[in-house]
Amino acid sequence: MQTLELPEQLVAQFRATSLERLERIEAAWAALTQRVATSETERELFHDVHTLKGESRLVGFADVGLIAHRLEDLLFAARRRRYRVHEDVEVVVTMAVQFARMLVRKRAGASQGGIDLSGFLKHIDEVLSEWPRQSEGPESMSAASAARADGGRVSAAMKQRLGIAATEVYLQSLAAPGSRRLRRAWEVLAGELAQLDAVALMPLVRRHANGAKDLATELGKEVDIVIEGEELRVGAEVLDALHTALLHTLRNAVDHGVEPPDVRIARGKPRRGMVTIRAESDAESIRLTIEDDGAGLDAAGIKRRAVSLGLLREEQAAVATEAALVELVFAPGFSVRDAVSSTSGRGIGMDAVRATIERIRGTIVMEPRAEGGLRVVLTVPQTCKTIDVHRVPTSRPDVVLAIPTTWTIRRATSDEGAADALEMLELPGGDGARTCIAICRDREEHLLLVGGPISRVTALRGCPTPPQEPVEIVTIGRETAILVRPESFFAPTSGR
Amino acid sequence: MTTAPIPSIDANDLRAEPRIEEGQIALRFAGSADSRSEVAIDELLSRVHDEAVRLGVREVSVDFRDCDFVNSSCFKAFVVWLERIQDLEAGAQYKLCFLSDETKAWQRRSLGALSCFAVDLVRIEAKSASAR
């Protein structure tokens, strides 16, 4: 298989300049948070992070690119607060720089076992989820922001104001359970808010299809790319994730999958390879299937590489199942190539793809096709503004609370001084049983009367309100719940 | 339990006490670690690492439960420590077990992020302060 290999010297130069860049980023961040930075320092910081993101993707360090992207998000959020950020945010930014440094230093093709890229991104997302998501600066033009700019979308601030209105309508509908008009008004508002955040998916698919065709030409391959499916709209963050996933998956299909024309003819295949991208949707999710008619999984190559990396012993490799081989393809740092390739990077691409898709709570499945070639199925939610919460029932079966898991909940030993959740929401009480819980974070603790068992779940944020708002309406599966932000819902406490 | 030949820290709102018990090293932090303690923590962790390698321990326990906060520059010292362990030959590597207070959100967040650097080397045991 023909590959475009980056000169070793170029990769070494990338490592050296990136490490210097990360040092500058760290120093500039420290200066900004200590209020001793100049505007030039700030400009250089954003330039360095943005350049790191771009260069790392260019030389195949997709994992570094992902960290740089999230670091950029953190910096934009911090800039909006004039760098007056909580100390634990400072820790996450510092650790993101360290994480990127560790990934830059890793040797090409070396095992990256033990590094949990997906988990680290999730930690950053947890920090970001507590900040309002507003449009980013012009320097950071993600797939979604580009799509939003094309369509002149409504600003995040406007969406939050609409979210406040929708929340009020929903609470009013609970206060007057018989009012069908209020319920209908809530449903209309919620539906419109969901649409405000949606962007078209197919232009992105077509753009990547064209990119894959260009790549095939560069590699001396002949490939037809067929796009099937309906015009779909997805949430902006889903679009960003699919941008990364499509980029790597299509590049892999063209670079690793489809064979050069002479090889295909020798194997009795049509001279031109075929890659199909199929887009489908159901009520809650989008499914993108990318199929190629190429060589399929290189079982021997995967086994050989797994043994050399110490991931499998010889005897394990000999009996490894197809499913096990597929799992190896997603292993951190795994590549069937020894050398760095400009096309599919260091072989970390599929690890980065899985991390990106799982971050938006999607799944990726790779499987050989019976007729030859490979099939990759990406299943993602239509929108992914999610938050991990404790689901807390109240004494009314139609009123459920959601409390962010950044707070811990335990059963209180006494209900003295406890607030009633429904009373605080100015809602009529119910007949259900009441128990008292303590909601805790650091030195803050609030007692609340609720009802029923508590469970940890993921809620969908369809009607975002600003972080200083005490409540917001979310959905848990098909159930509507009231997200309570304890820091603004309760009066401040002086600590335990 | 005997005190390890590693100096403790007791200054600037931070107390850190390394101890050795039956060939195992345990490190306990209390108070707050800010930039004033940065150099002391660097030095302490470096000494603990050298001692862990010398003794060939399989795990070092780090108790954060009485710790109110560790700032970013001090936390960086733990990342550096982890990298030094990763740089050891596989057979010489040891694990870090962090004891954390689950009611302190910063510990959950910071230690959770730290574990992502090397999930095979970091273990977190979360307990509430009242559970002790």
Side-chain angles (χ1 to χ4, degrees), chain A residues 26 29-30 33-34 67 70 85-103 105-106 110-127 130 310 332 355 404-410 413 438-445 486-487 495-496, chain B residues 13 32-35 38 41 64-91 93-96 100-124 126-131:
Chain A
E26 193 171 25
W29 169 251
T33 53
Q34 290 162 20
I67 294 289
R70 307 316 281 163
V85 296
H86 194 272
E87 284 173 321
D88 62 353
V89 174
E90 279 191 46
V91 172
V92 170
V93 171
T94 301
M95 290 177 80
V97 174
Q98 298 301 321
F99 208 94
R101 181 176 286 145
M102 174 179 68
L103 294 172
R105 279 179 176 157
K106 284 282 173 192
S111 169
Q112 295 190 35
I115 298 176
D116 182 6
L117 174 66
S118 172
F120 192 78
L121 293 172
K122 198 176 168 194
H123 280 283
I124 296 179
D125 287 344
E126 195 175 276
V127 170
E130 294 180 3
T405 54
T406 48
W407 293 76
T408 55
I409 290 184
R410 59 178 171 77
T413 49
I439 304 167
C440 317
R441 187 168 75 174
D442 295 337
R443 295 183 174 186
E444 231 178 301
E445 179 177 285
E487 62 272 33
R496 277 171 279 176
Chain B
D13 302 327
S32 289
D34 57 30
S35 50
E38 199 178 324
I41 290 179
F64 265 178
R65 287 173 296 178
D66 288 329
C67 200
D68 294 324
F69 198 74
V70 176
N71 83 345
S72 58
S73 53
C74 293
F75 223 93
K76 196 177 142 188
F78 288 89
V79 176
V80 172
W81 185 13
L82 206 47
E83 285 178 343
R84 293 188 71 189
I85 300 172
Q86 286 175 312
D87 286 342
L88 296 171
E89 291 296 322
Q93 290 181 349
Y94 56 92
K95 294 182 193 299
L96 297 181
S100 81
D101 181 347
E102 62 188 8
T103 66
K104 290 174 179 167
W106 72 268
Q107 289 194 5
R108 190 174 62 83
R109 177 169 293 161
S110 301
L111 292 176
L114 181 68
S115 72
C116 296
F117 283 71
V119 286
D120 51 341
L121 293 179
V122 176
R123 191 160 62 88
I124 299 170
K127 293 173 181 170
S128 68
S130 57

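Below, each value reflects all heavy atoms present in this structure, side chains not excepted, and no hydrogens, waters or symmetry copies. Since the structure is predicted, the reported quantities are computational estimates derived from the model, not experimental observations. Proteins get letters first, then strands, A, B, ... in listed order; numbering begins at 1 in each.
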How long is the span from the [atom1] atom in [X] to the [atom2] atom in [Y], to the nearest 0.5 Å?
X: A:Met95; Y: B:Ser110; atom1: CE; atom2: OG; result: 6.5 Å
X: B:Ser73; Y: A:Glu26; atom1: OG; atom2: CD; result: 9.5 Å
X: B:Ser72; Y: A:Gln98; atom1: OG; atom2: CD; result: 10.0 Å

Closest heavy-atom contact between [X] and [Y]?
X: A:Phe120; Y: B:Ala113; answer: CD1-O, 3.6 Å
X: A:Gly119; Y: B:Cys116; answer: C-SG, 3.5 Å
X: A:Val91; Y: B:Val70; answer: CG2-O, 3.8 Å
X: A:Ile115; Y: B:Phe117; answer: CG1-O, 3.7 Å

Who in residues 76-84 of chain B is close to chain A, using a strict under-4.5 Å heavy-atom cut-off?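 When heavy atoms of chain A are the reference, residues 76-84 of chain B contributes B:Lys76, B:Val79, B:Glu83 within the under-4.5 Å range.
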Heavy-atom distances under 4.5 Å only: say whether B:Leu121 touches chain A with side chain, backbone, both or neither.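 The answer is neither part of B:Leu121.
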Could you look at B:Val122 and say if it's the side chain, the backbone, both or neither that has a heavy atom under 4.5 Å from chain A?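 No part of it gets close to chain A.
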Evaluation steps, side-chain contact (heavy atoms from CB on, under 4.5 Å), between A:Val92 and B:Arg109: CA-CA 8 Å; A:Val92 170; B:Arg109 177 169 293 161; 3.9 Å; yes
